[in-house]
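This report concerns only the one structure given below.
Scope of the values below: all heavy atoms of this structure, side chains included, with no hydrogens, waters or symmetry mates. Residues take their numbers from the sequence shown, with the count starting at 1. Both counts, for ligands and for their atoms, begin at 1 and track the order of listing.
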Amino acid sequence: MAQYFEIKAANPGYLLFYRMGDFYELFFEDAEIASAALGIVLTKRGKHLGQDIGMCGVPIHAANDYLNKLIRQGHRVAICEQVEDPKEAKKRGAKSVVKRDVVRLITSGTLTEDDHLDARASNFLAALAMVRHGDTDFALAWADVSTGETFTADLTAEQLQDELARIDPAELLLTEPTRTHLLEHRLLPPAWAAIAHLAPAESFDSEAATSSLRAALPGGAFDPTALSRAARAALGAVFGYVRESQKGVGVALRAPVADGAIRHMAIDQATRASLELHQTQRGQTRGSLRQVIDLTVTASGSRLLSARLAAPLADAPAINQRLDAVGHLANDTLLTSRLRADLKAVPDLARALTRLALDRGGPRDLAAIGKAVGAAAALARHLEQREEVPDVLARIARILSAAPLPLASELALALDDELPLLARDGGFVRKGYDRALDDERALASETRAVVAALQARLIEETDVRSLKIRHNGVLGYFVEVPAGHGTKLLEEPHRQTFIHRMTMANAMRFTTTELADLEGRIARAHEAALEIELKTFASLRYDVLSRTDALRELADALAELDVTSALAHLAATRGYTRPDIDDSLAFRIEGGRHPVVEDMVMAQGQSFVANDADLSGDDAVGGGRLWLVTGPNMGGKSTFLRQNALIAILAQMGSFVPATSAHIGVVDRLFSRVGASDDIAHGRSTFMVEMVETSAILNRATRRSLVVLDEIGRGTATFDGLSIAWAAVEALHDTTGCRALFATHFHELTSLAKTLTRVSNVTMKVREWEGEVVFLHEVGPGAADRSYGIQVARLAGLPEPVLARARQVLTVLEQRSAGTASSSQKASVLDDLPLFAHQPASRPVEKDPVHIALDAARPDEMTPKQAIDLLYELKKIRDDARRS
Ligand SMILES: Nc1ncnc2c1ncn2[C@@H]1O[C@H](COP(=O)(O)OP(=O)(O)OP(=O)(O)O)[C@@H](O)[C@H]1O
């Protein structure tokens with residue numbers, strides 16, 4: 001066990017997968033954790049210091065599934081392999097232990113295998129460095145180890161949370177002091193705390209990082225000193241952690257992109273959640289914006305689309321460049337469908353390349369690269385047939401046409417059609433590619449004919465017709481004759497040729513020098529063939545890796561082409577239009593639709609009602625407009641609010657939008673708060689959350705921002721809520737001057753439009769029909785006079801007695817606020833307050849005319865006509881009761 005303890009001590013915080021034969025075994029506490037996490041049996045093996053040693057194990061062939069489960073549950077695993085042949089160990093003495101060492105650390109942020117990764121999602125490892133001096137407070141570096149993409153950004157404390165929400169890392173490295181600081185300043189929400197991994201302060205040393213980064217990214221193209229000290233420290237921590245986890249295999253990361261240089265629309269976590277960008281509030285992908293707009297056909301395209309959705313741009317020229325490309329393809333549907341058809345066959349180049357770089361790749365990864373390069377050339381031809389393509393497409397076409405075609409041809413020549421996962425399994429080099437390999441293979445595969453010929457000759461020589469040459473794992477090749485003939489072979493002249501190996505009940509087994517020779521040659525042929533194949537693999541891998549930069553650029557271009565053509569396809573098939581994007585304060589949407597609700601409504605066979613919004617502002621008049629949206633419950637307020645926020649996001653990520661026209665002056669920050677929810681885990685009540693979020697908006701929104709607030713202030717007593725909502729509207733109007741949509745059930749707020757010049761009232765229209773409300777989902781000018789809450793409650797199935805009582809209370813409250821309630825009415829309601837205090841039900845059931853009619857009915861004695869008449873009568877009684 002000494003070896004185990006030594007290795008375990010060198011890898012604290014990791015579950016040790018300790019290789020023993022065909023199993024990875026776990027011991028002591030690791031075994032307890034893993035057996036509980038994986039649902040496998042915990043056994044015992046011997047004793048240590050008088051205590052039983054707990055143990056559990058997973059078979060090698062199924063290890064990946066188990067690893068997956070553990071990583072998903074947030075565990076970290078160290079893979080400890082035998083690093084010498086057991087025969088070597090024996091040479092040191094019968095009792096010596098086979099050398100073992102940890103060959104890889106597996107954590108959620110450092111995964112590279114397809115089995116562990118979601119093909120359509122990035123998987124980031126992030127490191128956060130804190131500085132107590134300088135311009136910024138923090139720097140973040142993050143990398144997707146599976147593709148090599150790497151980024152850095154300098155951040156203020158205020159930006160930190162938005163950035164983390166955007167990147168959504170799988171693992172976050174930081175030091176203990178940084179964590180303490182974040183916790184003290186409430187900057188580390190539970191979701192980030194759960195993925196945080198404490199790293200020693202040395203790993204964040206900016207000086208050491210400078211030299212280690214230079215060594216990891218040679219070639220001089222990247223100068224670490226161009227980064228801030230904090231960014232260097234964070235990047236150094238990422239590279240160090242990846243290096244440590246890959247245990248000397250090398251770090252296949254790219255030079256970092258300075259993300260701070262790109263202007264993005266700031267979107268905080270609450271806004272992302274409320275707009276359901278990547279997943280719904282219930283954590284599902286179905287029903288999210290991403291799910292509706294993601295029509296990409298490659299995994300890397302899908303990852304890029306997701307990244308663009310997470311980080312819309314805030315730079316009009318850059319957005320327009322993307323829109324030019326999408327527009328070009330949306331108009332040329334023939335070209336788009338050709339591109340999309342060819343893109344479908346493009347494998348995940350970036351991930352295959354990384355696996356090869358980390359020496360974890362196999363023949364299929366080589367083939368994937370060849371296929372992607374080949375496809376790139378075909379795609380380039382499609383693009384080159386068109387004249388005057390926009391800049392983005394011209395750049396993509398240039399990169400695609402520079403794809404290293406000789407490499408693809410070489411790979412196609414070398415690799416067979418059916419490929420094994422691992423190179424060491426052999427059999428992947430195509431026949432005809434290497435003469436020497438073909439010769440060795442011929443020898444190996446011609447075994448049967450050679451053996452058959454030898455068998456025929458031996459039969460001839462011995463005259464034993466039943467003589468056979470057989471093979472088994474213990475003896476290898478041997479000659480077998482029935483027992484009766486055995487003695488013949490033991491005698492002259494045959495005893496010169498046949499060497500006795502074994503006597504069985506009815507047979508005798510021999511070998512011959514020639515047979516042993518043949519056996520040796522066959523085994524050597526297999527070995528020699530595999531050796532040649534492995535050499536071929538190594539040389540092809542070298543060819544691929546020597547073009548790493550070009551291939552990475554190609555992978556990026558393919559992903560970008562997929563995203564662009566997918567957005568064009570979306571625009572063409574869903575009736576999206578190109579938004580006008582500039583640096584004004586415009587926000588004018590005509591015929592806007594909610595992309596997700598539209599899909600849902602249409603799936604139910606109904607049509608979605610498009611609505612206009614105009615929040616356009618002007619600096620000269622003090623900023624953007626603020627629309628106060630009132631209307632009944634279920635009238636479509638939230639849908640209207642969200643659709644405008646989503647249109648802004650889609651437009652700035654470079655997509656067409658669901659509207660007949662849209663003119664948007666770049667939005668720098670987007671805020672959306674819809675309703676209120678508890679954050680019990682963070683110890684904050686519904687109302688507290690609402691106020692913290694509202695204050696974030698009031699403090700952070702600028703004139704360029706778009707603010708969408710739905711029912712702020714409803715989580716407290718009516719007057720408090722109303723006053724807060726009132727003050728918030730005033731502040732947004734007077735101080736911030738942003739473009740805003742504010743939905744509310746406080747109808748009193750609508751009077752603000754009289755005093756605040758840039759506030760307008762709009763309402764969701766409804767029609768009443770036979771006592772029922774019909775929602776038109778149409779936005780029109782004006783203010784709603786009521787909320788129709790009771791009608792909606794009835795639609796939801798609230799019991800009739802409760803509804804009747806609610807109507808009664810509502811009438812009195814309304815009269816009271818209008819000053820027309822009689823004193824006895826006022827007294828009666830005041831007696832009942834608080835409103836929902838229980839009052840013994842007035843047992844209306846016994847007097848209910850519907851019940852009386854039903855009690856009187858005798859179904860067994862009725863004719864069909866009488867039954868129908870009764871049904872009509874019951875409906876009439878119900879309708880009369882409703883009208884009264
Ligand atoms: N423009 C529209 N066209 C068609 N159906 C719509 C439209 N807007 C909303 N709906 C439908 O009405 C439902 C309710 O909409 P929404 O949640 O936006 O109402 P609301 O006014 O915010 O309600 P509440 O005040 O109760 O929160 C939606 O789920 C959708 O089915």
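Atoms of ligand 1 found under 4.0 Å from any heavy atom of G636 (numbered from 1 in listed order, with element): 8 (N), 9 (C), 15 (O), 16 (P), 18 (O), 19 (O), 20 (P), 21 (O). Near H745, with a cut-off below 4.0 Å to any heavy atom, the atoms of ligand 1 are 25 (O). Those atoms of ligand 1 with a heavy atom of F608 less than 4.0 angstrom away are 1 (N), 2 (C), 3 (N), 4 (C), 7 (C). Short contacts between ligand 1 and G635, defined as distances under 4.0 Å to a heavy atom of the residue, involve ligand atoms 19 (O), 20 (P), 21 (O). Residue contact check: P632 has heavy atoms under 4.0 Å from atoms 21 (O) of ligand 1.
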Can you give the donor-acceptor pairs under 3.5 Å from side chains of residues 599-613 to other protein atoms, not counting sequence neighbours?
| residue | atom | partner | partner atom | Å |
| --- | --- | --- | --- | --- |
| N611 | OD1 | V779 | N | 2.8 |
| N611 | ND2 | H777 | O | 3.0 |
| D612 | OD1 | G591 | N | 2.7 |

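Neither the backbone nor the side chain of R593 has any atom closer than 4.0 Å to an atom of ligand 1 (non-hydrogen atoms only).
Of the listed options Q606, H777, H594, H777 places a heavy atom closest to atom 10 (N) of ligand 1.
Residues passing the salt bridge (Lys or Arg N to Asp or Glu O under 4.0 Å) test with R588 are D614, sequence neighbours excluded.
Within 6.0 Å of the CZ atom in R72, the count of heavy atoms belonging to other residues, nucleotides or ligands does not exceed 12.
Below 3.5 Å of separation, one finds an N or O of S638 facing an N or O of ligand 1. For ligand 1, one of its N or O atoms has an N or O atom of M634 under 3.5 Å away. Of the polar atoms of V609, at least one N or O is found under 3.5 Å from an N or O of ligand 1, judged by distance alone.
Residues D562 and L304 are not in side-chain contact: their nearest non-hydrogen atoms beyond the backbone lie 4.5 Å or more apart.
Taking the charged nitrogens against the carboxylate oxygens, D294 and R120 do have a contact shorter than 4.0 Å, which makes a salt bridge. Here D880 pairs with K876 in a salt bridge; the nearest charged N to carboxylate O distance falls below 4.0 Å. Ion pairing of D734 with R758 is absent here, as no side-chain N (NZ or NE/NH1/NH2) approaches a carboxylate O to less than 4.0 Å.
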